[in-house]
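To keep things clear, I will list the structure first and then write my remarks on it.
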Amino acid sequence: MNILEELQSRYPQLGGCRDEIAKARDLLLACYRNGGQVLVCGNGGSAADAEHIVGELLKKFKRHRDIDASVAAKLPPELAAKLEGALSAVSLVSMCGILTAFANDVAWETAFAQQVYGLGRAGDVLIALSTSGNSANCVNAALVARAKGLKVIALTGAGGGRLGAVADAAVAVPETETYKVQELHLPVYHALCASVEEALFGTN
């Protein structure tokens with residue numbers, strides 16, 4: 001049983017999200033195979049989820065990850081031995097300087113959008129988490145991402161909202177209460193991170 005099949009087995013209520021979860025996995029794989037990076041944003045508990053996702057991508061999640069041999073050759077062996085293969089990912093919510101400056105000087109609802117405009121490159125992926133699917137700062141970030149040639153993965157509650165409507169892959173879990181949506185987002189993004197890791201580091 002592969003990772004996404006196991007997710008469906010453990011969380012049968014996600015059956016209606018199967019195709020969008022697979023699509024999100026494929027977008028992430030295409031991004032990383034082409035040298036791209038992943039940007040992640042959300043508010044409140046979803047901001048904590050954004051940090052969590054980045055943590056799973058930047059270091060080992062379930063399996064060993066070799067670092068690039070050409071880099072390892074230039075490092076002291078004891079240092080190289082304590083590094084892990086990384087998948088480039090940036091948490092937009094952790095950049096308190098630019099976030100608070102832009103929110104104070106311009107507008108909170110476009111703060112993530114400004115970060116995407118400055119950091120995003122064609123071929124990258126934006127993961128935006130919004131339990132309602134209508135968080136204005138996430139929707140605006142997605143609009144800028146699409147304009148710059150990024151792909152957008154939305155993790156939302158039932159219906160998807162405005163964010164789901166502009167996403168390339170919209171995983172709208174079948175709940176509406178905030179905490180219940182977040183309870184289902186966690187196994188979804190864990191499965192995505194594990195599946196991508198398996199595909200890219202599975203031969204280690």
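With rounding to the nearest 0.5 Å, the separation of CZ in Arg146 from NZ in Lys151 is 6.5 Å. If you take OG on Ser91 and CD1 on Ile127, they are separated by 11.0 Å, rounding to the nearest 0.5 Å. Between the CG atom of Leu184 and the CD atom of Gln182 there is a distance of 10.5 Å, given to the nearest 0.5 Å. Between the CG atom in Leu58 and the SG atom in Cys193 there is a gap of 10.0 Å [rounded to 0.5 Å].
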Is there a side chain to side chain donor-acceptor pair (under 3.5 Å) between Asn137 and Ser135? Walk through the geometry before answering. CA-CA 6 Å; Asn137 53 3; Ser135 302; 4.8 Å; no
Pair Ile53, Leu57 - check side-chain contact (heavy atoms from CB on, under 4.5 Å), show working. CA-CA 6 Å; Ile53 291 168; Leu57 293 172; 3.9 Å; yes
Chi angles and distances behind the side-chain contact (heavy atoms from CB on, under 4.5 Å) call for Val90, Met95: CA-CA 9 Å; Val90 178; Met95 299 180 179; 3.3 Å; yes
Evaluate side-chain contact (heavy atoms from CB on, under 4.5 Å) for Lys148 paired with Tyr117, printing each intermediate quantity in order. CA-CA 7 Å; Lys148 290 205 69 180; Tyr117 180 75; 4.0 Å; yes
Take Leu83 and Leu75, measure what side-chain contact (heavy atoms from CB on, under 4.5 Å) needs, and give me the verdict at the end. CA-CA 10 Å; Leu83 296 176; Leu75 295 173; 3.7 Å; yes
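Hydrophobic cluster membership is shared by Leu87 and Ile153, with clusters built from Ile, Leu, Val, Met, Phe, Trp and Tyr side chains linked at under 4.5 angstrom. When the side chains of ILVMFWY residues are joined at heavy-atom separations under 4.5 Å, either directly or via intervening members, Leu119 and Val144 end up in a single hydrophobic cluster. In the hydrophobic cluster analysis, where Ile, Leu, Val, Met, Phe, Trp and Tyr join through side-chain heavy atoms closer than 4.5 angstrom, Val71 is grouped together with Leu79. Cluster annotation: Val173 is connected to Val40 through the hydrophobic network of ILVMFWY side chains, with a link wherever side-chain heavy atoms come within less than 4.5 Å. No continuous path of hydrophobic side-chain contacts links Ile3 to Leu14 [ILVMFWY only; heavy atoms under 4.5 Å].
You'll find the side chain of Leu200 reaches within 4.5 Å of the side chain of Arg33, heavy atoms only. Considering only heavy atoms from C-beta on, Thr176 stays 4.5 Å or farther from Val181 through its side chain. Counting heavy atoms from C-beta outward, Leu92 and Ile98 have side chains that stay 4.5 Å or more apart. The side-chain heavy atoms of Val54 and Glu56, taken from C-beta on, include no pair separated by under 4.5 Å. You'll find the side chain of Thr156 stays beyond 4.5 Å of the side chain of Thr131, heavy atoms only. The closest side-chain heavy-atom distance from Gln114 to Val106 is not below 4.5 Å. Between Gln115 and Leu39, the closest side-chain pair of non-hydrogen atoms is not below 4.5 Å. The shortest distance between side-chain heavy atoms of Leu99 and Phe112 falls below 4.5 Å.
Across Val38 and Cys31, no two heavy atoms sit closer than the pair CG2-SG, 4.3 Å. Here the closest heavy-atom approach between residue Pro187 and residue Tyr11 is recorded as CB-CE1, 3.5 Å. Closest approach of Ala141 to Cys41, counting heavy atoms only: CB-SG, 4.4 Å. Listed here is the closest heavy atom pair of Leu126 and Ala145: CD2-CB, 4.0 Å. Contact record, Asp168 with Leu150: OD2-O, 4.2 Å, taken as the closest heavy-atom pair. Residues Val166 and Val152 approach most closely at O-CB, 4.4 Å, considering heavy atoms.
Under the 4.0 Å criterion applied to side-chain N and carboxylate O atoms, Glu20 and Lys23 are assigned as salt-bridge partners. One finds no salt bridge joining Lys62 and Glu197 here, because no Lys/Arg side-chain nitrogen approaches an Asp/Glu carboxylate oxygen to under 4.0 Å.
Side-chain N or O atoms of Ser195 include none that pairs as donor or acceptor with a backbone N or O of Leu192 at under 3.5 Å. Proximity of a side-chain donor or acceptor of Asp68 to a complementary backbone N or O of Ser70 within less than 3.5 Å is detected. A donor-acceptor contact shorter than 3.5 Å is absent between the side chain of Asp124 and the backbone of Gly36. Tyr189 contributes no side-chain N or O that, together with a main-chain N or O of Leu155, makes up a donor-acceptor pair within less than 3.5 Å. At distances below 3.5 Å, at least one donor-acceptor pair connects side-chain atoms of Asn34 with backbone N or O atoms of Ala30. Between the His185 side chain and the Ser46 main chain, no donor and acceptor come within less than 3.5 Å of each other. Side-chain atoms of Lys180 never come within 3.5 Å of backbone atoms of Glu175 as a donor-acceptor pair (strictly under, hydrogens ignored). Using a distance-only test at 3.5 Å, with no hydrogens or angles considered, a donor-acceptor pair links the side chain of Arg65 to the main chain of Lys59. In terms of modelled atom types and a separation under 3.5 Å, the side chain of Glu5 and the main chain of Asn2 share a donor-acceptor contact.
Aromatic ring orientation, Phe61 versus His190: tilted (interplanar angle from 30° to 60°).
Residue pairs meeting the side-chain hydrogen bond (donor to acceptor under 3.5 Å, both in side chains) criterion with at least one partner in residues 99-110, sequence neighbours excluded, do not occur; the list is empty.
Tested against Ser130 for a side-chain contact (heavy atoms from CB on, under 4.5 Å), the candidates Leu163, Asn43, Val139 yield a single pass: Leu163.
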